[in-house]
Visitor: 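Pasting a structure below so you can have a look.
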Amino acid sequence: MSPETKSGIGKRRSAAKEDSSPAYQRRRREIAEAAVRVFDRLGLQGASISAVAAELGIDRASVYYYISSKEELFDEVLRAVAERNSTMAREIAASPLPPPEKLRTLIVAIMESYGEHYPLLFIYIRENLSRVPDRRTKWSSDMRQINRVIETAFIDIIEAGYADGSLRNVGPAKVVAYGMLGVVGWTHRWFRPDTSPHSAREIGETYAEMMVAGMRT
């Protein structure tokens, strides 16, 4: 029997979701922040509700009152951040800036988001979206669609730069776009906001200069 079956906590949680009080929302944010720290240390597969409870110094039943599973918590928090990034990417791609400036702006913005939401997006990079339990299949599919919005923004900007001559055609736009995303994403192997001598913005600006300057005509 699950903890929820034993205590009827599932019903209590359903009732709690109707609670929009600052205290309830504040506690849920605390649990989300603790979960992200646990995910960073143990990975999504190695993490558990018990580990999240231990991180906060509370009992497991108290966490179950606010969330039903580690996956629900991870998926909910990550989706919100990823959707904001996809909206940002669309807006930059649709802006009146010339393609090289759009590309620079987008690279910096993505890197800044990695820093602002550290380590959530880096944990996500390490996850394999093609291998998730059936109950998370829809979430995985939705996240891939969100990713494609960001990828498409890069590709569209590069192709626009090729078309108007502001960017040198160095190869297929998709390959170039994936390379740029790979460079930014690789920072998950070494970047830590609390110890890095350089901010996420500084790193993003360096990457943008390195990648875009070589493509300018």
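Quick caveat: nothing in here was measured; it's all calculated off a predicted structure. Along the sequence shown, the residues carry numbers beginning at 1.
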Visitor: Can V108 be reached from M210 by stepping across I, L, V, M, F, W or Y side chains whose heavy atoms are under 4.5 Å apart?
Guide: no
Visitor: Applying side chain to side chain donor-acceptor pair (under 3.5 Å), can you list everything that pairs with S86, at least two apart in sequence or on another chain?
Guide: none
Visitor: Do S196 and I203 have side-chain heavy atoms sitting under 4.5 Å apart?
Guide: yes
Visitor: Taking all heavy atoms of S166 and all of P100, pick out the closest pair and write down the distance.
Guide: OG-CD, 3.4 Å
Visitor: Are V212 and L97 joined in one hydrophobic group, where the rule is that I, L, V, M, F, W and Y side chains link up if heavy atoms are under 4.5 Å apart?
Guide: no
Visitor: Quick one: list whatever passes side chain to side chain contact (heavy atoms under 4.5 Å, CB included) with E151, sequence neighbours left out.
Guide: N147, R148, Y178, L181
Visitor: Find out whether V176 and F154 are in side-chain contact, i.e. whether some heavy atom of one side chain is under 4.5 Å from a heavy atom of the other.
Guide: no
Visitor: Which heavy-atom pair separates M180 from I107 by the least distance, and what is that distance?
Guide: SD-CD1, 4.1 Å
Visitor: Show every side-chain hydrogen bond (donor to acceptor under 3.5 Å, both in side chains) that has at least one partner inside residues 97-106, sequence neighbours left out.
Guide: E101-R216, R104-E209
Visitor: Taking only residues two or more places apart in sequence, or in another chain, which ones meet E159 in a side chain to side chain donor-acceptor pair (under 3.5 Å)?
Guide: none
Visitor: What are the two closest non-hydrogen atoms of A35 and L73, and how far apart are they?
Guide: CB-CD2, 3.2 Å
Visitor: Using modelled atom types and a 3.5 Å cut-off, is there a donor and acceptor pairing between side-chain atoms of S141 and backbone atoms of K138?
Guide: no
Visitor: Does G214 offer a backbone N or O that forms a donor-acceptor pair with the side chain of R168 under 3.5 Å?
Guide: yes
Visitor: Just to verify, what does E30 make a salt bridge (Lys or Arg N to Asp or Glu O under 4.0 Å) with, not counting sequence neighbours?
Guide: R27
Visitor: Is any side-chain heavy atom of I150 closer than 4.5 Å to one of M88?
Guide: no
Visitor: In terms of hydrophobic clustering (I, L, V, M, F, W, Y; side-chain heavy atoms under 4.5 Å; direct or indirect links), are V149 and L78 co-clustered?
Guide: no
Visitor: With R84, which residues qualify under salt bridge (Lys or Arg N to Asp or Glu O under 4.0 Å), at least two apart?
Guide: none
Visitor: A side-chain contact here means heavy atoms from C-beta on lying under 4.5 Å apart; do V38 and K70 qualify?
Guide: no
Visitor: Taking atom CZ of R79 and atom CE of M143, what is their separation to the nearest 0.5 Å?
Guide: 7.0 Å
Visitor: Is there a path of hydrophobic side-chain contacts, each under 4.5 Å between heavy atoms of I/L/V/M/F/W/Y residues, joining I110 to V175?
Guide: no
Visitor: Please report the interatomic distance CD1(I31) to CD1(I58), rounded to the nearest 0.5 Å.
Guide: 5.0 Å
Visitor: List in chain and number order the residues that pass salt bridge (Lys or Arg N to Asp or Glu O under 4.0 Å) with E91, two or more places apart in sequence or in another chain; answer none if no residue qualifies.
Guide: none
Visitor: Under 4.0 Å between a Lys/Arg side-chain N and an Asp/Glu carboxylate O for E33 and R37?
Guide: no
Visitor: Any link between V183 and L103 through a network of hydrophobic side chains (Ile, Leu, Val, Met, Phe, Trp, Tyr) touching at under 4.5 Å?
Guide: yes
Visitor: Quick one: which residue pairs count as a ring-ring contact (aromatic ring centres under 6.0 Å, His included) with a foot in residues 33-63, not counting sequence neighbours?
Guide: F39-F74
Visitor: Examine distances only and state if a side-chain atom of T87 and a backbone atom of E83 form a donor-acceptor pair shorter than 3.5 Å.
Guide: yes
Visitor: Can you find a heavy atom in the side chain of I146 that is under 4.5 Å from one in the side chain of N85?
Guide: no
Visitor: Please give me the minimum heavy-atom distance between A153 and L106, naming the atom from each residue.
Guide: CB-CD2, 4.2 Å
Visitor: When rounded to the nearest 0.5 angstrom, what is the spacing between OH in Y66 and CD in E72?
Guide: 14.0 Å
Visitor: Could you go step by step and tell me if R90 and T152 meet the side-chain contact (heavy atoms from CB on, under 4.5 Å) rule?
Guide: CA-CA 9 Å; R90 277 197 301 263; T152 298; over 6 Å; no
Visitor: Enumerate the residue pairs fulfilling ring-ring contact (aromatic ring centres under 6.0 Å, His included) with a member in residues 193-217, sequence neighbours excluded, ordered by first and then second residue.
Guide: none
Visitor: Scan residues 181-192 for pairs that pass side-chain hydrogen bond (donor to acceptor under 3.5 Å, both in side chains), counting only residues two or more places apart or in two chains.
Guide: Y118-R192
Visitor: For a quick test of reading the model, state the closest non-hydrogen atom pair linking A177 to I158 and the distance between them.
Guide: N-CD1, 3.7 Å
Visitor: The criterion is salt bridge (Lys or Arg N to Asp or Glu O under 4.0 Å); which residues satisfy it with E202, sequence neighbours excluded?
Guide: none
Visitor: Output the distance between atom CG (L167) and atom CE (M215), rounded to the nearest 0.5 Å.
Guide: 4.5 Å
Visitor: Check ring-ring contact (aromatic ring centres under 6.0 Å, His included) between Y114 and all other residues, then give those that pass, not counting sequence neighbours.
Guide: F122
Visitor: Closest heavy-atom contact between Y162 and A173?
Guide: CE1-N, 4.3 Å
